[in-house]
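The sequence lines fix the lettering, A, B, ..., with proteins before strands; numbering per chain opens at 1.
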Number of protein chains: 2
Amino acid sequence: MRNDGKKRNSGCPVTYGLDTFGDRWSLLVIRELLLRGKKTYGDFLAADEGISTNILADRLKHLEAEGIIVKSRDPDNRRSFTYSLTQKGRDLAPIILEIIIWSGMHDKRPHARRNVLKKINKDREGFEASLRSPQD
Amino acid sequence: MRNDGKKRNSGCPVTYGLDTFGDRWSLLVIRELLLRGKKTYGDFLAADEGISTNILADRLKHLEAEGIIVKSRDPDNRRSFTYSLTQKGRDLAPIILEIIIWSGMHDKRPHARRNVLKKINKDREGFEASLRSPQD
DNA sequence: GATATAACTTGTATTTTGCAAGTGATTATT
DNA sequence: AATAATCACTTGCAAAATACAAGTTATATC
């Protein structure tokens, strides 16, 4: 997997974070769930960044094992599954928002996107609270 | 390297963050610089997590190329080099602090360390400001 | 019953990582 | 002055992780 099983066990909170959600693909799945209303395996596969299918399966398993997401059957379509964030997962919102703020400050590329940043600037408290509370 | 050169170019701020500092070893180097007063190649190698030497060299090069750190000669010891954070690097402080806060909430391991968390709880504004301002 | 869809799994080539050992430029020791 | 340490890497190779293509299973639709 990535670094599963044997956490470095240093007790460091930064390391704990890195071990549970801190790899590129895990964070992108969390972004899709938190910011883009995406829910299914197919949704995640279709994200711009192009995650490969075996890695996605691996990361979903990992995030579920860590209690960041839960998997459930879609009641309307029994061949589809729905992933959603737990409270532990939604509590990652401030981290994602800080990353967006940081990029807003330092990403000088002309095509840098700022739609979420605008929401944060307009009403961070409210926006963050909405992300952290159950069912959007 | 990790994902150098061709950024996915999606324009997404989360992706930009992941591409510039978002891998395990980069973040640990930043932690050492920001929170632990470590400065040299040898310091980073000695960190608990055990980064290997070729990966460390690679990450330092990458972080320098991204403008997160700068390398300079140690004036006191001419065979040693000193790494330090740029403003862009110090601006990562809020992200690191949010990771620490998140881990403080959700890391249930008995040996989870909370010394930095205590500082944050005591005076987040002041602590964060001290991390973000030049020369500690 | 045949075809399609959603969510994976499997196989394999490529890339990245980890580990051990080696190099070059100082600096300290005998 | 020669010898040994130290510091910051680099190199070579085995092991692990990743990307890509193709295949499988369980529904669902025609």
Side-chain angles (χ1 to χ4, degrees), chain A residues 1-10 15 18-29 32-33 37-65 69-84, chain B residues 1-10 15 18-29 32-33 37-65 69-84:
Chain A
M1 208 176 263
R2 304 170 315 121
N3 179 35
D4 245 13
K6 47 167 184 189
K7 307 232 181 241
R8 263 71 169 184
N9 219 31
S10 71
T15 302
L18 291 173
D19 285 341
T20 86
F21 63 80
D23 94 290
R24 162 172 212 84
W25 298 120
S26 298
L27 235 351
L28 288 180
V29 166
E32 295 296 307
L33 285 163
K38 300 300 168 67
K39 301 166 194 285
T40 68
Y41 194 91
D43 285 344
F44 304 143
L45 267 188
D48 286 342
E49 284 82 2
I51 184 169
S52 40
T53 173
N54 53 342
I55 302 297
L56 174 58
D58 176 85
R59 295 306 191 276
L60 290 172
K61 228 168 263 173
H62 175 73
L63 288 171
E64 198 181 6
I69 62 176
V70 284
K71 182 180 178 180
S72 50
R73 273 199 180 276
D74 184 333
D76 301 332
N77 182 351
R78 281 193 37 80
R79 71 191 153 180
S80 185
F81 290 95
T82 289
Y83 291 92
S84 54
Chain B
M1 208 175 262
R2 304 171 314 119
N3 179 38
D4 246 10
K6 46 167 183 189
K7 307 233 181 238
R8 261 74 167 183
N9 219 31
S10 72
T15 302
L18 291 174
D19 285 341
T20 87
F21 64 81
D23 95 290
R24 162 173 211 84
W25 299 119
S26 298
L27 236 349
L28 287 180
V29 166
E32 295 295 306
L33 285 163
K38 301 299 168 69
K39 301 166 192 288
T40 69
Y41 194 92
D43 285 344
F44 305 142
L45 268 187
D48 287 341
E49 285 83 2
I51 185 168
S52 40
T53 173
N54 54 339
I55 302 298
L56 175 58
D58 176 87
R59 295 307 191 275
L60 289 171
K61 228 167 264 172
H62 175 73
L63 288 172
E64 198 182 5
I69 62 176
V70 284
K71 180 181 178 179
S72 50
R73 273 200 181 276
D74 184 333
D76 302 333
N77 181 354
R78 280 193 36 81
R79 71 189 153 180
S80 185
F81 290 94
T82 288
Y83 291 92
S84 55

> Does B:Tyr83 put a side-chain nitrogen or oxygen below 4.0 Å from OP1 or OP2 of D:dC9?
Replying inline: yes
> Nearest-Å distance, CG (B:Leu56) to C1' (C:dT17)?
Replying inline: 13 Å
> B:Arg79 side chain: which of D:dT6, D:dT18, C:dT5 is closest?
Replying inline: D:dT6
> If only side-chain N and O atoms of B:Arg78 are considered, is one of them under 4.0 Å from the OP1 or OP2 phosphate oxygen of C:dT26?
Replying inline: yes
> Donor-acceptor pair, B:Arg73 side chain versus B:Arg78 backbone, under 3.5 Å?
Replying inline: yes
> What are the two closest non-hydrogen atoms of A:Thr20 and A:His62, and how far apart are they?
Replying inline: O-NE2, 3.3 Å
> How is B:Asn77 classified with respect to the nucleic acid when contacts are heavy atoms under 4.0 Å: base, sugar-phosphate, or nothing?
Replying inline: sugar-phosphate
> Which is true for B:Phe81 with a 4.0 Å heavy-atom rule: it touches a base, it touches only sugar-phosphate, or it touches nothing?
Replying inline: sugar-phosphate
> So which nucleotide from D:dT18, C:dA7, D:dT10 ends up closest to the side chain of A:Ile55?
Replying inline: D:dT18
> So, are B:Arg24 and A:Asp19 salt-bridged, with charged N and O less than 4.0 Å apart?
Replying inline: yes
> Regarding B:Lys71 and the six-membered ring of B:Phe81, is the cationic atom NZ or CZ under 6.0 Å from the ring centre and inside 45° of its axis?
Replying inline: yes
> Among the nucleotides D:dG12, D:dT6, D:dA19, which one has an atom lying closest to any side-chain atom of B:Asn54?
Replying inline: D:dG12
> Within less than 4.0 Å of OP1 or OP2 of C:dT17, is there a side-chain N or O belonging to B:Arg59?
Replying inline: yes
>> Return whichever of A:Asp76 or A:Ser52 has its heavy-atom-nearest nucleotide of DNA chain D closer to the 5' end.
In response: A:Ser52
> For A:Lys71 and B:Thr53, take the nucleotide of DNA chain C holding the closest heavy atom to each; which residue's nucleotide lies nearer the 5' end?
Replying inline: A:Lys71
> Hey, which of these two, A:Arg73 or A:Ile51, hits DNA chain D nearer its 5' end, going by closest nucleotide?
Replying inline: A:Ile51
